[in-house]
Structures are given as structure tokens and as C-alpha cells.
Amino acid sequence: TEVDDLITLDQNFIPQNFSEAVIEGLEAEISANIAEWIARAALSYVDPRDDQTDNRLPRRARRSAKLEAERRFGKTRAALSLIAQSRRFDDPDNTIEVNGYGIVNVAVSRELSKNWTLRGRFNNLFDKEYQTVNSFDELDRNVFVTLAYQPHE
């Protein structure tokens with residue numbers, strides 16, 4: 001992909017313009033039904049570059065992977081996901097490095113009736129300390145519970 005006038009935020013969240021950028025690489029996704037599970041995998045290997053300096057574009061990992069498995073048990077749905085990304089730079093000069101990470105998330109939902117669904121999401125299950133931006137820690141283990149109403153006509 002060739003991009004003209006790419007705008008990104010710097011480490012102080014100030015918009016920065018890259019006049020020309022090139023992102024080369026490979027992305028692949030696959031899904032399959034295995035027993036009663038739906039399994040999905042997405043892999044990405046890219047080389048995002050500032051065409052002027054040949055530096056890597058900030059805040060973009062070269063390698064990423066997402067593996068998911070989902071299954072229904074009657075009115076209940078359970079899902080497990082593993083998300084991993086390689087290291088990245090946080091600045092256009094490629095001097096500030098942010099380590100890669102891997103986290104595990106779990107989601108469960110239950111249809112209570114035709115219109116109501118209860119959902120629970122457990123993010124960062126193993127309480128991994130990680131950053132996607134330098135000096136900004138991502139959330140520790142966290143839980144979200146949602147009660148959703150959707151009218152049916």
C-alpha cells in the first residue's frame with residue numbers, strides 16, 4: 001500500500017504528517033469448524049515505512065497474530081482469544097521502542113429471552129503488564145458486564 005499524506009499521532013498525541021509511506025507485507029486469515037468450535041486465525045507480517053527516511057512508521061507492529069475459538073452451548077456462547085503483537089517504535093526517528101506483548105481474553109454471553117442478552121468479557125485474563133504506546137500502560141485485568149436489550153419486530 002502506498003499512502004500520501006499519512007497522518008498519525010506522536011508520543012504527545014499531536015498529529016504528524018508523513019508525506020509518503022509504504023506498507024508492504026502479507027496478511028492471512030483462516031477459519032474452520034472443528035468439532036463444535038469455530039476457530040479463527042489472523043496473521044500479519046508487514047513492513048510499514050516512511051518513504052522519505054526509510055524509518056518504520058511509529059506505533060505499528062511488524063508482526064501480529066490473533067487466534068480465536070468460539071462455541072455455543074445452547075443459549076450460552078463462550079469465546080477465547082489470544083492476541084500477540086511484536087515490538088514497535090513510538091517515534092518517527094525509531095529511537096523509542098515499545099516491547100511486544102501477548103494477552104488472553106475470554107467472553108461469555110447468555111440469551112435470557114428473545115430480547116435480552118447478558119454478556120461478560122474478561123480482558124487481559126493473566127494480568128499482563130504491557131504498552132502499545134510508550135509511557136501509557138494498558139489496562140490491567142478487567143471485566144465488563146453488559147445487559148443488552150434488542151427489540152424484535
Side-chain angles (χ1 to χ4, degrees), residues 1-4 6-11 13 15-16 18 21-50 55-91 94 96-153:
T1 302
E2 294 180 5
V3 183
D4 293 330
L6 177 69
I7 297 173
T8 188
L9 299 177
D10 71 6
Q11 56 270 27
F13 301 99
Q16 301 294 314
F18 294 89
V22 175
I23 302 170
E24 296 178 335
L26 175 68
E27 294 181 322
E29 291 185 32
I30 189 168
S31 64
N33 292 337
I34 302 169
E36 295 185 34
W37 290 86
I38 298 171
R40 290 182 286 277
L43 302 171
S44 178
Y45 181 80
V46 295
D47 188 20
R49 297 268 171 196
D50 177 346
N55 286 345
R56 291 224 327 255
L57 293 173
R59 299 187 177 167
R60 294 175 186 253
R62 290 185 76 177
R63 294 179 308 273
S64 63
K66 184 173 185 179
L67 305 173
E68 297 177 304
E70 179 180 328
R71 183 174 176 185
R72 284 197 164 277
F73 301 90
K75 294 184 176 190
T76 302
R77 183 187 68 84
L80 175 71
S81 66
L82 168 64
I83 300 167
Q85 292 192 349
S86 64
R87 69 182 179 92
R88 67 197 73 210
F89 292 104
D90 198 49
D91 64 323
N94 291 179
I96 301 170
E97 190 172 311
V98 178
N99 290 330
Y101 67 91
I103 59 170
V104 175
N105 300 326
V106 176
V108 178
S109 66
R110 172 79 179 174
E111 294 175 21
L112 302 176
S113 71
K114 182 179 177 181
N115 302 93
W116 291 93
T117 304
L118 180 63
R119 296 183 181 106
R121 196 172 75 222
F122 306 88
N123 297 320
N124 195 3
L125 188 63
F126 298 110
D127 206 20
K128 172 80 174 170
E129 289 184 24
Y130 72 102
Q131 297 177 336
T132 57
V133 175
N134 185 54
S135 300
F136 184 82
D137 292 336
E138 293 295 327
L139 290 175
D140 296 331
R141 179 184 308 121
N142 58 83
V143 177
F144 291 91
V145 177
T146 307
L147 180 61
Y149 174 78
Q150 181 161 352
H152 292 281
E153 298 177 10

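A quick note: this is a predicted structure, and the numbers were derived from the prediction, not measured.
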How close do Ser86 and Ala61 get, heavy atom to heavy atom, and via which atoms?
-> O-CB, 3.5 Å
dist Ser113:OG -> Lys75:NZ (nearest 0.5 Å) comes out at 8.0 Å
Strictly by modelled atom types, are Asn123 and Asn142 linked by a side-chain donor-acceptor pair under 3.5 Å?
-> yes
Would you mind telling me which of Arg72, Arg77, Arg119 makes a salt bridge (Lys or Arg N to Asp or Glu O under 4.0 Å) with Glu111?
-> Arg72
Taking all non-hydrogen atoms of both residues, which atom of Phe73 and which atom of Ala78 are closest, and how far apart?
-> CE1-CB, 4.1 Å
Taking the side chain as every heavy atom from C-beta outward, state whether Arg59 and Asp90 have any atom pair closer than 4.5 Å.
-> yes
Looking only at heavy atoms, the pair that brings Asn124 and Asp140 closest together is ND2-C, 3.8 Å
Check whether any side-chain N or O of Arg141 sits under 3.5 Å from a backbone N or O of Leu125 as a donor-acceptor pair, and report yes or no.
-> yes
Please lay out, stage by stage, how Val98 and Val133 fare under the test side-chain contact (heavy atoms from CB on, under 4.5 Å).
-> CA-CA 7 Å; Val98 178; Val133 175; over 6 Å; no
Nearest 0.5 Å, what's the OG-CD distance between Ser31 and Glu70?
-> 11.0 Å
Find the distance between CZ (Arg71) and CG (Asn33) and round it off to the nearest 0.5 Å.
-> 12.0 Å
With under 30° as parallel and over 60° as perpendicular, where do the rings of Tyr130 and Tyr101 fit, or are they tilted in between?
-> parallel
Using a cut-off of 6.0 Å, state whether more than 12 heavy atoms not belonging to Arg63 lie near its atom CZ.
-> no
Does CD1 belonging to Ile30 count more than 12 external heavy atoms closer than 6.0 Å?
-> no
Distance from Arg62 atom CZ to Arg88 atom CZ, nearest 0.5 Å?
-> 13.0 Å
Where do Glu138 and Lys128 land on the side-chain contact (heavy atoms from CB on, under 4.5 Å) test, with the steps shown first?
-> CA-CA 9 Å; Glu138 293 295 327; Lys128 172 80 174 170; over 6 Å; no
Any luck finding a side-chain donor-acceptor pair between Gln150 and Thr117 under 3.5 Å?
-> no
Residue pair His152 / Asn115, side-chain heavy-atom distance below 4.5 Å | yes
Which is it for Lys66 and Glu68 under the side-chain contact (heavy atoms from CB on, under 4.5 Å) test, yes or no, and what are the steps along the way?
-> CA-CA 7 Å; Lys66 184 173 185 179; Glu68 297 177 304; 3.2 Å; yes
Do the side chains of Asp91 and Asn134 get nearer than 4.5 Å, heavy atoms only?
-> no
Only one of Leu6, Val3, Thr8 passes side chain to side chain contact (heavy atoms under 4.5 Å, CB included) with Leu57; say which it is.
-> Leu6
Test side-chain contact (heavy atoms from CB on, under 4.5 Å) on Asp47 and Val22 and set out the steps.
-> CA-CA 8 Å; Asp47 188 20; Val22 175; over 6 Å; no
If you round to the nearest 0.5 Å, how far is CG of Asp50 from CG of Asn55?
-> 6.5 Å
Hey, which of Val145, Thr76, Val108 is the one that makes side chain to side chain contact (heavy atoms under 4.5 Å, CB included) with Leu118?
-> Val145
Is a side-chain donor-acceptor pair under 3.5 Å present for Asp137 with Gln131?
-> yes
Drop me the distance from Ser81's OG to Leu67's CG, to the nearest 0.5 angstrom.
-> 9.0 Å
